[in-house]
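Counting starts at 1 for both ligands and their atoms, in listed order.
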Amino acid sequence: MPVHTRSQKSTKSESRVEGKGKQNMEENKRKGGEWGRAWEVDLFSYIGVCGLLMFAPVLVVYFFVSCDKYQCALSGPLLDVFSGKATPYDIWMKVPYMTSQAWKVGLVWISFQALLYNVPDVLHYIIPNYKGGIRLGSVTPAGNQMWYQVNGLQAWTISHIVWFANAFYFNWFSPTVIFDNWGGLLWVANITGNFVSVFAYIKAKFFPTNAEDCKRSGNIFYDFMMGVELNPRIGKWFDFKLFFNGRPGIVAWTLINLSFAWKQYELYGHVTNSMILVNILHCMYVVDYFWNESWYLHTIDICHDHFGWYLGWGDCVWLPYLYTLQGLYLVYNPIVLPPVHCAVVLTLGLLGYYIFRAVNHQKDWFRSHDGDCLIWGKKPEYIQCSYVSSDGTERQSKLLVSGWWGVSRHMNYTGDLMGSLSYCLCTGFGHLLPYFYIIYMTILLVHRCIRDEHRCRCKYGKDWNRYTARVPYRLLPGIF
Ligand code: NDP
């Protein structure tokens, strides 16, 4: 049975607060925004949501055209329009066509990933310490807990074996097939992302997986964007969030980079050190994601964010197109970095990755041992917190205040940002476009800090204030 309610399993030590469930739900509704997304929508959020729905797809297309037609100069299309050299219609005509070849590539890819998603994991039997296979997710606000088939590392490995086997042996398709169809695939990704989001919206209305975990504001745009269902599924195992979050976008990430590297080789007869560096740093991040996929079941994306356009379209379009901009840039601008530049970038990338992973691991270690462990060689210091979940059960939790979590409240984001900056620095200083990633990640993670802290303050109340008094900075000690 993949789903059981936490209330059925609650231990005797968890005291049931009679009658408080409904009252607490009402309280949540009143305060708004505790669990992932808001119950009520203010004008600011409404405008923001409509703006994103309209402009995010335009932005992705604009980036593509800037690269494809203006050698990645973001100012290129605008300068042409303002200087009278081209009309907005002329720029629109530079947008690539949807092609049947792109549809073939896109549909084969999605179907292949859907197939791999349904293959039970065998890697956890073979690789020591790898936590794949059937894993339990977090308790949802309504008290549900779901089982997940964690097999992302296996899907990533098989996909890459197929890619390399094809490139060096079978020659079924060109290794540059992704780059060569990048424009046409933009249509495929957009149509797929929108289709999935509309489907998720309709599904939430007519056949939700866990109706008690649905959230609606009554504002159609907001609900479509932020999602209604927390964990939509088809059947027992096909989990929308785990599938679309991780595959097809993240498995594709490293293949997209490889396709860009191969294209560089085809065009210039060599692969630049900058391209190799981008491939290595991105690959490290992607493999880390799949190695820790069972851990991701407990992150904000899976635990708190509902599945709407933000994730559905974001995973299909935003992630593959904008997270890979550095590699695309290097196809059009094959810069060779001085060895010192390479060394600095690599050091920053490795250090960022180390901090990101160490901080995440420390919290995981601390929580999974319920505080009974060592942090940096000492007994951990923590704040004992209590809260009432929306099923009315009073629960206990601990907030770590020593180790990395005593340095700042989100050092994992700081490490992530250091890594993100290192990817951008691989592209030198010629253009702004490949730096979009660090700008976006800074906005995303600062916004996430604020969102998460708002939720934690609502959840833990005074205990959270004790925590912020003890650890006053969010990202950079002494600065922010
Ligand atoms: P965290 O892993 O930081 O989780 C935040 C939660 O941890 C809080 O809601 C709270 O949950 C708990 N918590 C907060 N402080 C403490 C503490 N001191 N001790 C113990 N528990 C605490 O955030 P995310 O899930 O957002 O991020 C996970 C990782 O994913 C990060 O490293 C982030 O950088 C990365 N990421 C990457 C993205 C990308 O696109 N590349 C996008 C988003 C995230 P509780 O209710 O359990 O107390």
Geometric class of the Tyr323/Tyr437 ring pair [parallel <30°, tilted 30-60°, perpendicular >60°]: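 Ring orientation of Tyr437 relative to Tyr323: perpendicular.
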Proximal atoms of ligand 1 relative to [X] (non-hydrogen, under 4.0 Å):
X      : answer
Tyr285 : 37 (C), 39 (C), 41 (N)
Ile300 : 23 (O), 24 (P), 25 (O), 26 (O)
Thr299 : 25 (O), 28 (C)
Met441 : 39 (C), 41 (N)
Arg367 : 20 (C), 21 (N), 22 (C), 45 (P), 47 (O), 48 (O)
Leu444 : 42 (C)

Is there at least one pair of N or O atoms, one from [X] and one from ligand 1, spaced under 3.5 Å apart?
X      : result
His304 : no
Trp464 : no
Tyr413 : yes
Asn412 : yes
His410 : no
Leu400 : yes
Lys363 : yes
Tyr460 : yes
Trp295 : no

How does [X] reach ligand 1, by side chain, by backbone, by both or by neither, if only non-hydrogen atoms under 4.0 Å count?
X      : result
Tyr382 : neither
Asn360 : side chain
Asp416 : side chain
Val401 : neither
Cys456 : side chain

Ligand 1 contact by Lys398, heavy-atom criterion under 4.0 angstrom: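 Within the 4.0 Å threshold, so yes.
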Sub-4.0 Å heavy-atom contact, Arg455 with ligand 1: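 Yes.
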Proximity of Phe366 and Tyr382 rings by center, below 6.0 Å: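 Aromatic pair counts; centres sit under 6.0 Å.
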Minimal non-hydrogen separation, Asp121 against Gln149, with atom names: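 The pair with the smallest heavy-atom distance is N-OE1, 3.5 Å.
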Could you check whether atom [atom1] of [X] has more than 12 heavy atoms from other residues, nucleotides or ligands sitting under 6.0 Å from it?
X      : atom1 : result
Tyr354 : OH    : no
Trp295 : CH2   : yes
Phe221 : CZ    : no
Phe429 : CZ    : yes
Lys398 : NZ    : yes

Nearest option to atom 8 (C) of ligand 1, as decided by whichever heavy atom of Ile250, Ile383, Asp452 sits closest: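 It is Asp452 that holds the nearest heavy atom.
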Between [X] and [Y], do the side chains contain an N or O donor and an N or O acceptor separated by less than 3.5 Å?
X      : Y      : answer
Asn412 : Trp404 : no
Asp213 : Asn144 : yes
Thr254 : Trp156 : yes

Result of checking Tyr289, Tyr148, Trp291 against Tyr296 for ring pair (Phe, Tyr, Trp, His ring centres under 6.0 Å):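 When ring pair (Phe, Tyr, Trp, His ring centres under 6.0 Å) is applied between Tyr296 and each of Tyr289, Tyr148, Trp291, only Tyr289 qualifies.
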Audit row: Glu229, Lys215, salt bridge (Lys or Arg N to Asp or Glu O under 4.0 Å) steps and yes/no: CA-CA 7 Å; Glu229 276 200 82; Lys215 257 186 169 187; over 6 Å; no
Result of checking Val49, Asn219, Leu311 against Met225 for side chain to side chain contact (heavy atoms under 4.5 Å, CB included):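 The single option meeting the side chain to side chain contact (heavy atoms under 4.5 Å, CB included) with Met225 is Val49.
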